[in-house]
Amino acid sequence: MAILLDHVNYIYNEDTPMAAHVLKDICLEIPDGQFVGVIGHTGSGKSTLMQHFNGLLRATSGHIYYNGEDIYKDDYDMKKLRSKVGLVFQYPEHQLFEIDVFSDVCFGPRNLGLDKRETELRAYDALRRVGLEDELFYQSPFDLSGGQKRRVAIAGVLAMKPDVLILDEPTAGLDPKGRDEILQQVKKLQTETGMTILLVSHSMEDVAEYVDRILVMNRGSVLFDDTPRNVFAHYRELEEVGLAAPQVTYILNELRNNGLDVDTSAITTKEAADEIMKLF
Amino acid sequence: MLRDITLGQFYPTESCIHRLDPRVKLGGTMLYIISLFCFKNAAGYLLAALFLALVVRLSKVPFRFMVKGMKSILFLLLITVGFNLFLTPGTPLVSLWKLQITREGIILAATMAVRLSLLIIGSSVMTLTTTPNHLTDGMEKMLRPLKIFRLPVHEVAMMMSIALRFIPILLEETDRIMKAQIARGADFESGNLFKRAKAMVPLLVPLFISAFRRANDLAMAMEARCYRGGEGRTKMKPLLYTRADYLAYGVLVFYMVFSITAGRNTFYVLPWK
Ligand SMILES: Nc1ncnc2c1ncn2[C@@H]1O[C@H](COP(=O)(O)OP(=O)(O)OP(=O)(O)O)[C@@H](O)[C@H]1O
Ligand SMILES: [Mg+2]
């Protein structure tokens, strides 16, 4: 049971002079329960790819299989797919509309046709999971801070209890503390529920610490698809496509070039610190 | 989803028509439309169609983009043709129940259809080959004499160009919000009228909020750059006529004189006149 992409291509504005071939022959397999980080330069097609997973965009050619079923089959239930594959857009706070936070989070489960009790239970649970303080539940979502709005929007998708959660740059524009909090909550969510998570991000530090696997996108193709350790070993190639490895990779490589015997594969600050301490 | 609106959408490519001064295109379109209403015989329409075909050819815009604009007025066109066809008195040809089709009706309906189609395609050529900003620039310059009547020409032009600039942005925003709500299980397509209207709330509220936020940001940014209206304001790229523009005016005058003389010549006069 997994998501399978088979030679997926996508062209925006096909048959016009503005046509843009944004996804080029993407083949992927995402097993259940994996935490996948997606990185890539601005405009590399990350958001476009993410919108294919729940059928919001239909591939120009190629197939997508969710749990073994072709989602482009005529009688495929797209609504069900969208409840199973939750997608949190870039800047999701722009989609809030209800008079208070709690009703906004109820929107998703209510659309699934659940009864009032179940809807509210799920909304409450989702809001707790994203770590929003109880006293904010009945405030207008427009009076919250940017980070709080972001949490409400994530809760809005979580409340649908998806099996796969896709987060498109959930930490863009947040301060380091807000960023860490959100990422930790996402990680916790994954370990507790065994959800499959796809996390799009610009920050290597973000993904290095939390994910099992990294997809590097470059101009619409997958450049690397491996564990963080193996991907960051290619830090020179990453630089060529406008990305970078975590800072510790650079420090360790520099130390090694200067004759110290360190293993350069550490990717988190803690691992790097341990590695350096070994020298003494 | 919402991107298929062509009437008034620029088609980016390189052509001599694209490079013309917007004033030439505005004036030309106006003259062309006037000419369409002067003709009294088929020869005039034939000339007009040939002239338009030439311009379309020169503009390098694929013909199907021109016709896309037609789709939006197809309904209007059908009604016009229908009314003219059945309600024109004259020599009856066919009788259907209480309606009758007359010889005059057929001719009038055909003229109307031709005239409307040429009119729409003619103005599509202008909007397809001129960016909205260029158009408002041209309009501002052409309307400048109205300033002596204390008309705020610059301000009106500025408002127009902002509005035009925001159409694609708001469409994109609508698309984004719509997708975000669909991802949360919203359904914009099924249900009765009341249900559908209600389904628009999750779309309209964020859209309005974002429109106001953008307007606010823009006003702030304009103020930060010391914008204070048209008084004494110069342009980075002022509109200047080139040789091609004078040539185009020449061609236009030639077309007008030629087509109107031919189009009003009694020799070819339409049968009912
Ligand atoms: N709705 C659209 N219509 C036309 N082109 C689009 C549209 N959305 C995106 N594109 C183009 O597709 C390409 C990939 O866009 P996408 O949003 O997937 O990039 P991204 O990797 O998510 O970038 P970012 O990191 O900035 O979010 C870009 O070149 C963009 O200009
Ligand atoms: Mg993106």
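Lettering of chains follows the sequences in order, A, B, ..., and the numbering in each one begins at 1.
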Check your understanding: Shortest non-hydrogen contact from A:F142 to B:V205?
Key -> CZ-CG1, 4.3 Å
Exercise for review: State whether the number of non-hydrogen atoms from other residues, nucleotides or ligands found under 6.0 Å of B:E223 atom CD is greater than 12.
Suggested key: no
Point to revise | Heavy atoms from other residues, nucleotides or ligands near CG of B:L193 exceed 12 (cutoff 6.0 Å) | key: no
**Study point:** A:D75 atom CG: more than 12 heavy-atom contacts under 6.0 Å
**Key:** yes
Check your understanding: Rounded to the nearest 0.5 Å, how far does CD1 of B:I177 lie from CZ of A:F97?
Key -> 11.5 Å
Point to revise | Under 4.5 Å from any heavy atom of chain B - which part of A:Q51 | key: side chain
Review point. If you look at every heavy atom in B:Q181 and A:Q95, which pair is closest and at what distance?
Key: NE2-O, 2.9 Å
Point to revise | Residue A:R128 excluded, over 12 heavy atoms near CZ under 6.0 Å | key: no
Review point. Minimum heavy-atom separation for A:N54 to B:A183, with atom names?
Key: ND2-CB, 3.8 Å
Exercise for review: Answer with side chain, backbone, both or neither: which region of A:L57 has an atom nearer than 4.5 Å to a non-hydrogen atom of chain B?
Suggested key: side chain
**Study point:** Pairs involving residues 194-207 of chain B, ordered by first then second residue, that meet salt bridge (Lys or Arg N to Asp or Glu O under 4.0 Å) (sequence neighbours left out)
**Key:** none
Revision key, fill the gap. d(A:L56 CG, B:I182 CD1) to nearest 0.5 Å is 6.0 Å
Review point. Roughly how far apart are A:F89 CZ and B:R176 CZ, rounded to 0.5 Å?
Key: 8.5 Å
Review point. By a 4.5 Å heavy-atom criterion (distance strictly below it), what part of B:I209 contacts chain A: side chain, backbone, both, or neither?
Key: side chain
Practice item. Give, as side chain, backbone, both or neither, the part of B:F208 having an atom under 4.5 angstrom from any heavy atom of chain A. Key: neither
Point to revise | Over 12 foreign heavy atoms within 6.0 Å of CZ, A:R219 | key: no
Study note, to complete from the structure: Hits for ring-ring contact (aromatic ring centres under 6.0 Å, His included) against B:F166, two or more places apart or cross-chain, chain-then-number order -> none
Review point. Quick one: do B:R184 and A:D104 make a salt bridge, cutoff under 4.0 Å?
Key: yes
Exercise for review: Pick whichever of A:R82, A:H94, A:K79, A:M160 has the most heavy-atom pairs under 4.5 Å with chain B.
Suggested key: A:H94
